[in-house]
Amino acid sequence: MIILLLLLAAAWLLWSGLFKPLLLGLGVLSCFLTFTVVRRMGYFDNELFALRLSWSLFGYWAWLAREVLLSSIEVARVVLDPRLPISPSVIEIESTSKRAFAQVLLGNSITLTPGTLTLDLHKGVLRVHALTENSARGLMSGEMDRRVAALNPD
Amino acid sequence: MLYYAVITALLATTLLALVRAILGPSVYDRVLAVNMIGTKTVLLLAVVSFLYGRPDFLDLALAYALINFIGVLAVLEFFRSRAMREAAEAAEAAEED
Amino acid sequence: MDGLLDIVSWLLLTTGGVFVFIGGVGALRMPDLYTRMHAASITDSIGPILIIAGVMLQAGVTLPSVKLAAILLFLLLTGPTASNALASAALLAGTKPGGSKTPAGED
């Protein structure tokens with residue numbers, strides 16, 4: 001909880017860049033307002049996931065950035081091909097991790113990667129729309145799922 | 001000089017998305033196009049702030065990103081409730097037959 | 001050293017612009033909603049990454065760089081969320097995704 005307050009205060013100071021008493025007062029007020037709203041929404045009843053797995057998350061982001069670049073090139077090639085060689089399909093994959101955060105991260109990563117799009121996430125099963133055969137096959141190899149599950153072991 | 005190429009690309013993409021928004025055909029295509037235009041606007045603001053050397057444009061970009069996200073979600077929620085109501089009405093009409 | 005940084009930044013900006021433009025072309029060319037969303041996802045993911053990285057190299061280690069990083073993080077978190085909301089709303093309204101249940105030629 002303290003970490004969240006410190007983060008909010010740091011963000012306020014960074015963005016305003018002014019140190020007049022009035023603005024600082026407003027900053028303190030809005031920090032506590034945000035804190036109260038977030039607490040009433042039940043944020044602290046769940047795990048403080050984002051702050052706890054910060055370090056391994058950067059490694060995952062680096063891998064994801066490479067993946068995004070590769071599949072972007074692939075989708076760009078498909079778009080520029082005059083024949084438009086698409087073969088859309090809907091596949092279902094199951095998330096290894098049972099945690100809500102890991103499943104949301106997986107769904108978001110799938111959508112972020114061009115060529116695959118999460119349609120639905122229900123009870124750990126993701127329905128994914130894939131643009132080409134290649135992107136569907138890449139997803140079904142399950143490497144992304146493995147990496148997400150390794151980020152946040154049960 | 002550095003920035004004009006990327007600004008041209010962003011503006012051209014905005015134009016393409018605008019054409020998609022006009023062509024439709026479904027309302028979801030239009031929402032998709034509007035969302036694309038929003039993302040392009042954020043990037044455009046970020047680039048323009050460096051072209052003119054005015055870092056305060058970055059705050060505008062962030063605010064625009066926030067408003068764009070909330071706006072798209074609000075519009076989608078609106079159309080979703082309409083689709084659900086229409087589906088319920090269709091089911092009712094089928095029952096009466 | 002400054003020249004090298006400029007060249008890398010210019011390269012990032014230009015490739016970002018090219019990818020964004022290709023995504024726009026794809027959003028026009030693709031036949032149905034879900035395939036259009038794939039094209040739009042190019043402009044939502046690789047475009048911001050490359051362009052903001054390019055601008056960040058111009059800014060150096062300054063306050064604007066931090067703000068740019070915040071914008072990038074926010075775009076990358078909300079973009080997929082908005083896409084997912086769009087896809088699920090369209091699915092609920094009865095827009096059928098084209099294509100088979102399993103990828104062709106997989107069996």
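Convention: sequence-line order gives letters A, B, ...; per-chain numbering from 1.
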Just give me the residue among C/Asp44, C/Leu72, C/Ile22 that pairs up with chain B most often, heavy atom to heavy atom, under 4.5 Å. C/Asp44
Do B/Leu43 and C/Ile52 have side chains that get closer than 4.5 Å, going by heavy atoms? yes
Can you give me the closest heavy-atom contact between C/Phe21 and B/Thr13, atom names plus distance? CA-OG1, 3.4 Å
Rounded distance [0.5 Å steps], OH in B/Tyr28 versus CG in C/Asp32: 15.0 Å
Whatever's closer than 4.5 Å to a heavy atom in chain C on B/Ala17 counts as neither
Closest heavy-atom contact between C/Gly24 and B/Leu16? C-CD1, 3.6 Å
Which atoms of C/Leu28 come close to chain B, meaning under 4.5 Å heavy atom to heavy atom: side chain ones, backbone ones, both, or neither? both
Here the pair of heavy atoms bringing B/Leu76 nearest to C/Ala82 is CD1-O, 4.2 Å
Okay, B/Phe50 and chain C: the region with an atom under 4.5 Å from a heavy atom over there is side chain
Search all heavy atoms of C/Val55 against all heavy atoms of B/Ala46 and return the closest pair with its distance. CG1-O, 4.3 Å
Chain B-proximal positions within residues 11-19 of chain C [heavy-atom distance under 4.5 Å]: C/Leu13, C/Gly17
Between B/Val31, B/Val6, B/Thr8, which has the largest tally of heavy atom pairs under 4.5 Å with chain C? B/Val6
How close do B/Pro25 and C/Arg36 get, counting heavy atoms only, and between which atoms? CD-NH1, 3.9 Å
Which one, C/Val25, C/Ile51, C/Ile71, leads in non-hydrogen pairs under 4.5 Å with chain B? C/Ile71
Where B/Arg20 and C/Ala27 come nearest, the two heavy atoms and their spacing: NE-O, 3.0 Å
Residues pairing under salt bridge (Lys or Arg N to Asp or Glu O under 4.0 Å) where one sits in residues 20-31 of chain C, two or more places apart or in two chains, turn out to be none
At a 4.5 Å cut-off on heavy atoms, which part of B/Leu66 comes close to chain C: side chain, backbone, both, or neither? both
Within this structure, what is the NZ-CG distance for the pair C/Lys67 and B/Leu62, rounded to the nearest 0.5 Å? 9.0 Å
Could you tell me which portion of C/Ser88 (side chain, backbone, both or neither) has an atom closer than 4.5 angstrom to a non-hydrogen atom of chain B? neither
Check against side-chain contact (heavy atoms from CB on, under 4.5 Å), B/Thr39 and C/Thr43: CA-CA 8 Å; B/Thr39 317; C/Thr43 71; 5.7 Å; no
Distance check, rounded to the nearest 0.5 Å: C/Met30 atom CE versus B/Asp29 atom CG? 13.0 Å
So CG of C/Leu68 and OG of B/Ser49: to nearest 0.5 Å the spacing works out to 6.5 Å
Contact origin within C/Met56 toward chain B - heavy atom pairs under 4.5 Å: neither
By a 4.5 Å heavy-atom criterion (distance strictly below it), what part of B/Asn68 contacts chain C: side chain, backbone, both, or neither? neither
B/Leu58 portion near chain C, given a 4.5 angstrom heavy-atom threshold: both
B/Val42/C/Leu75 under side-chain contact (heavy atoms from CB on, under 4.5 Å): CA gap, chis, key distance, verdict: CA-CA 9 Å; B/Val42 174; C/Leu75 278 180; 4.1 Å; yes
